[in-house]
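Everything below concerns the one structure shown next.
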Amino acid sequence: QVQLVESGGGLVQAGGSLRLSCAASGRTFSRYYMGWFRQAPGKEREFVAAISWSGRSTYYADSVKGRFTISRDNAKNTRYLQMNSLKPEDSAVYYCAAPARDSSFSGRVGVHPNEYDYWGQGTQVTVSS
């Protein structure tokens, strides 16, 4: 059974930093692209960042570009989202996600929620002004 478990969320002041982690179990995701999404109350789930299976390609939402960094440690089957210069509008539940199919041959990376099959339970990030 595949499980994705996020950690590292919390309350931080504007301008601060947090590092989210996503630990996977039940499958080794070293050959899969991985993504982070977030959902604020009353809003749709939105793309934050994604990383190719190799880690050589990364993609970011315009709203977080230059402030967030996605990375992965395939040896630990874990992905990370380093969030710097946080703003109140970054407050949301952050979700880690993974596809069901190996992407090492295609090299593609998903940026839409419907391109992902497995989701974590989410971790709350609250940024105070």
Is any side-chain heavy atom of M83 closer than 4.5 Å to one of D90?
no
Could you check whether any side-chain heavy atom of I70 comes within less than 4.5 Å of a side-chain heavy atom of F68, counting everything from C-beta outward?
no
Run through T69, D73, L20 and flag the one making a side-chain contact (heavy atoms from CB on, under 4.5 Å) with Y80.
D73
Is there side-chain contact between Y116 and Y33, with at least one heavy-atom pair below 4.5 Å?
yes
Full working for side chain to side chain contact (heavy atoms under 4.5 Å, CB included) between F47 and F37
CA-CA 5 Å; F47 169 75; F37 292 77; 3.8 Å; yes
Could you give the distance from CZ (R19) to OG (S7), rounded to the nearest 0.5 Å?
9.5 Å
With a 4.5 Å heavy-atom cut-off, do V2 and F29 have their side chains touching?
yes
Measure across T58 and I51 and return the closest heavy-atom pair with its distance rounded to 0.1 Å.
CG2-CG1, 3.8 Å
Heavy atoms of other groups near R31 CZ, more than 12 under 6.0 Å:
no
Minimum heavy-atom distance A40-A92, with the two atoms named:
N-CB, 3.8 Å
Taken to the nearest 0.5 Å, the spacing of S52 OG from R72 CZ works out to 7.0 Å
Filter on disulfide (SG to SG under 2.5 Å), then keep only pairs touching residues 76-129, sequence neighbours left out; what's left?
C22-C96
Taking all non-hydrogen atoms of both residues into account, name the closest pair between Q121 and Y95 and its distance.
O-CE2, 3.6 Å
Point-to-point distance, once rounded to the nearest 0.5 Å, from CZ of R27 to CG of D102:
9.5 Å
Is V109 reachable from Y118 through a run of hydrophobic residues whose side-chain heavy atoms are each under 4.5 Å from the next?
no
If you look at every heavy atom in V48 and V64, which pair is closest and at what distance?
O-CG2, 3.5 Å
Roughly how far, to the nearest 0.5 Å, is CG of L86 from CZ of R67?
6.5 Å
Side-chain touch R79/L4, heavy atoms, less than 4.5 angstrom
no
Please determine whether residues W119 and L81 belong to a single hydrophobic cluster, defined as Ile, Leu, Val, Met, Phe, Trp and Tyr linked transitively by side-chain heavy-atom distances below 4.5 Å.
no
Just wondering, do S63 and R38 contact through their side chains at under 4.5 Å, heavy atoms?
yes
Drop me the distance from W53's CH2 to S104's OG, to the nearest 0.5 angstrom.
5.5 Å
K65/D62 salt bridge by N-O under 4.0 Å criterion:
yes
Could you tell me whether the side chain of E6 reaches within less than 4.5 Å of the side chain of W36, counting heavy atoms only?
yes
For S17 and Q82, the nearest pair of non-hydrogen atoms, with its separation, is CB-NE2, 4.0 Å
Heavy-atom closest contact (K87 atom, V127 atom, distance)
O-CB, 3.3 Å
